[in-house]
There are 2 protein chains.
Amino acid sequence: MPASSHPSPSRSGQVTMAMVATRAGVSTQTVSNALNTPELLRPETLERVLRTIDEMGYRPHRAARSLRTRTSRLIGYGIRSAASGGSSPILDRFLHALSATADEAGYRILLFASPAGPDSLAVYEELLGERGVDAFVLSDTHRGDRRQRWLDQRGIPFVAFGRVWSGRETGDWVDVDGAAGTDAAVEHLAALGHRSIAFLGWPRGSGAGDDRAQGWLRAMRRHGLPVRGRRAESTDDVPSAAAAAVPLLDAGATAVVTASDTLALGCYRALGERGAAPGREVSVTGFDDSPAASLVSPGLTSIGQPLEDVGRECIRLLLGRVEDTGRTPERVLLAPSLVVRDSTFAPL
Amino acid sequence: MPASSHPSPSRSGQVTMAMVATRAGVSTQTVSNALNTPELLRPETLERVLRTIDEMGYRPHRAARSLRTRTSRLIGYGIRSAASGGSSPILDRFLHALSATADEAGYRILLFASPAGPDSLAVYEELLGERGVDAFVLSDTHRGDRRQRWLDQRGIPFVAFGRVWSGRETGDWVDVDGAAGTDAAVEHLAALGHRSIAFLGWPRGSGAGDDRAQGWLRAMRRHGLPVRGRRAESTDDVPSAAAAAVPLLDAGATAVVTASDTLALGCYRALGERGAAPGREVSVTGFDDSPAASLVSPGLTSIGQPLEDVGRECIRLLLGRVEDTGRTPERVLLAPSLVVRDSTFAPL
DNA sequence: GAAAGTGGTTTGAACGATCCAATGAAAGAG
DNA sequence: CTCTTTCATTGGATCGTTCAAACCACTTTC
């Protein structure tokens with residue numbers, strides 16, 4: 001059987017649609033249909049074309065498809081500047097979940113460095129201008145973050161990991177219910193028999209921090225436990241947290257719920273400095289279940305975020321919005337889970 | 001001045017090269033040249049075209065360019081399956097450095113989920129087949145990793161973060177000199193006056209682990225310090241490490257150099273269990289300078305990897321190879337740096 | 001018996017850029 | 001004054017795919 005002539009199957013080992021077409025004895029459009037709208041083909045033709053595709057190891061050229069369909073099937077994720085410090089929300093697991101879910105839907109994640117400054121929008125604009133992405137996933141959203149409004153005005157699909165705490169919200173988001181987390185921590189401690197449960201949080205004004213404080217507050221009230229003088233604030237570093245914890249311990253707290261693992265380890269230090277030990281004299285809980293939580297002694301009871309679920313939901317919402325841009329905003333609030341280790345115990 | 005007619009500047013707000021061309025009174029080819037080979041243009045033409053590009057906010061369409069040039073200007077990075085456990089090499093900072101450097105060169109990072117199993121190559125094949133990426137950055141390389149060979153045989157540019165410890169090496173890599181790190185730790189401890197310095201490492205056979213052990217060994221020999229019975233092994237978790245540290249402490253070690261922060265915190269625990277404290281009775285050093293190192297009390301002296309540099313070097317090597325595929329393999333070994341905290345002290 | 005469907009496939013024209021070869025104008029050589 | 005060389009610019013083809021419309025061989029409808 002002589003090799004079919006027109007599209008040379010030689011060179012570069014790259015198989016094109018035309019080659020598949022001649023080999024299967026159909027037109028290129030039919031090959032295209034076999035992949036994109038199989039229901040249009042007669043079953044036997046479909047089968048034949050698909051088999052040929054398989055035999056030849058054909059894969060559609062992403063750029064060509066992208067050019068024609070005017071979509072890139074790429075989702076942009078701006079990784080914040082490392083300089084900005086900030087608690088990396090255990091990026092690792094989140095990103096993995098994001099790419100895994102996206103992959104399943106035929107999308108991929110495009111990673112770009114996004115400066116923290118006010119000109120952060122420039123990169124987003126560039127990416128859109130060159131039609132490099134169809135949509136964005138945002139994280140590390142903060143009060144006064146201009147990205148949501150900016151994207152919304154241009155009709156670009158996006159999802160944020162993290163609520164928009166300020167004023168009028170725009171767009172879809174997925175977040176973890178911080179209040180439910182600290183609430184669960186109080187529940188756990190109360191069940192163990194604690195009655196003097198303090199809270200060590202971040203300075204008011206950060207959405208997530210206030211949310212976590214709220215959960216402690218409502219659980220304490222529900223149990224009829226005292227909250228006056230049992231609350232302190234600190235920036236997110238160990239020395240400050242240790243200092244902030246002192247008055248709480250002086251006031252006789254037998255347990256401290258905190259807004260982060262860093263703050264919790266500040267309590268560890270404060271306890272160590274007064275010759276006491278977490279998990280023996282005083283119970284301590286953290287937030288985030290960061291790697292450090294399982295490494296320290298005693299192991300830190302902490303609140304784990306379901307980052308895999310967050311990633312999955314982000315993609316789900318995003319794809320929904322790509323299909324129906326005008327849809328009413330959708331929000332997903334996921335429950336964190338308490339990971340009990342040795343830093344919490346039954347007193348007396 | 002009547003609006004030029006041919007390419008309608010209306011619709012979708014998207015500016016194309018043809019629009020820029022008519023507006024600047026040149027052909028599309030000249031616009032292309034202005035961006036890609038400016039030296040071909042007469043200075044005044046160049047200036048005029050560039051100004052027009054700027055005024056109209058034109059950006060080349062990535063897919064169109066990609067289709068024609070047969071390059072995607074995308075670099076693939078497979079994020080390993082989270083299930084595979086393994087210490088994430090502080091992915092965060094590395095990825096940021098990677099994307100920041102790539103951005104500067106006009107490249108972007110394409111993130112994809114890469115399963116740990118033996119069929120991991122499937123994703124790489126898919127990405128190449130659809131011409132989705134020009135090159136790959138590999139990390140989490142391990143003995144018997146088939147990716148390097150596989151890519152090399154196909155002539156696909158790649159760089160690995162991490163040496164290929166097994167047999168014949170293929171391709172470029174960037175790595176951190178683990179031996180230099182543990183060597184520096186011993187240096188530091190010896191300078192403080194320690195003479196009985198033990199090493200707690202991973203089971204032999206892992207390239208990186210053996211490398212770190214080697215650094216300890218050579219520094220000890222250089223100082224004429226005894227090594228017999230001063231070396232132990234443990235898997236990378238706190239309980240095992242704590243158990244493995246016991247004989248070292250029993251043998252009277254006043255300092256322990258470890259192959260990871262996790263192992264170091266195992267020593268913390270072992271010390272705590274015998275009523276001693278790191279940084280007071282015994283010095284301890286970790287490896288990686290993970291976030292936990294600065295959170296624990298006392299702060300853990302650890303060896304920090306220059307991940308920003310690693311990322312930068314990866315991209316540098318990669319771009320070099322994209323230009324000259326046949327080039328002889330290049331390797332970069334970067335020095336880690338000792339971060340001194342409170343877990344090391346001068347004895348007696 | 002001509003018009004109107006029908007399902008399956010093909011044809012021709014984009015999509016927006018770059019490659020290659022060709023062109024015109026200006027400059028230098030004989 | 002013609003002929004070549006050099007420089008700057010242009011025209012047309014092309015990358016691999018999908019869209020829109022046309023086509024084809026039949027069947028159904030009135």
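Below, each value reflects all heavy atoms present in this structure, side chains not excepted, and no hydrogens, waters or symmetry copies. Throughout, a chain's letter reflects where its sequence line sits, starting with A, and its residues are numbered from 1.
Taking the side chain of B:R70 as heavy atoms from C-beta on, and the options D:dC15, D:dG11, C:dA17, the nearest nucleotide is D:dC15. Here the side chain of A:T16 is nearest to one of C:dG16, D:dT18, D:dT17, namely D:dT17.
Note on A:T30: a base of the nucleic acid sits closer than 4.0 angstrom, heavy atoms only. Within the nucleic acid shown, B:T45 comes within 4.0 Å of sugar-phosphate atoms alone, with no base atom in reach, counting heavy atoms only. The residue B:R62 sits apart from the nucleic acid: no heavy atom pair falls under 4.0 Å.
Judged by atom type and distance alone, B:R68 reaches the base of C:dT18 through a side-chain donor-acceptor pair under 3.5 Å.
In summary, the side chains of A:T141 and A:D145 do not present any donor paired with an acceptor at a separation below 3.5 Å, with no hydrogens or angles considered.
Rounded to a whole Å, the NE2 atom of B:H61 is 13 Å from the C1' atom of D:dT17. Distance CZ (B:R73) to P (C:dA17): 15 Å, rounded to an integer number of Å. Atom CD in A:Q14 sits about 14 Å away from atom C1' in D:dT17, given to the nearest Å. When the P atom of C:dA17 is taken as reference, atom CE of B:M17 falls 6 Å away, rounded to whole Å. One atom, CZ of B:R131, and another, P of C:dA17, lie 21 Å apart when rounded to the nearest Å. Between the CG atom of A:L40 and the C1' atom of D:dA21 there is a distance of 14 Å, given to the nearest Å.
Projected onto DNA chain D by closest heavy-atom contact, B:R42 and B:A64 fall at different nucleotides, the more 5' of which corresponds to B:R42.
Aromatic ring centres of A:Y77 and A:F112 lie farther apart than the 6.0 Å criterion allows.
A salt bridge is absent between A:R331 and A:D172; no separation between the charged side-chain nitrogens and carboxylate oxygens falls under 4.0 Å. Using a 4.0 Å cut-off between charged nitrogen and carboxylate oxygen, A:R59 and B:E126 do not count as a salt-bridge pair.
Within the structure, every side-chain polar atom (N or O) of B:N33 is placed at least 4.0 Å from both OP1 and OP2 of D:dT9.
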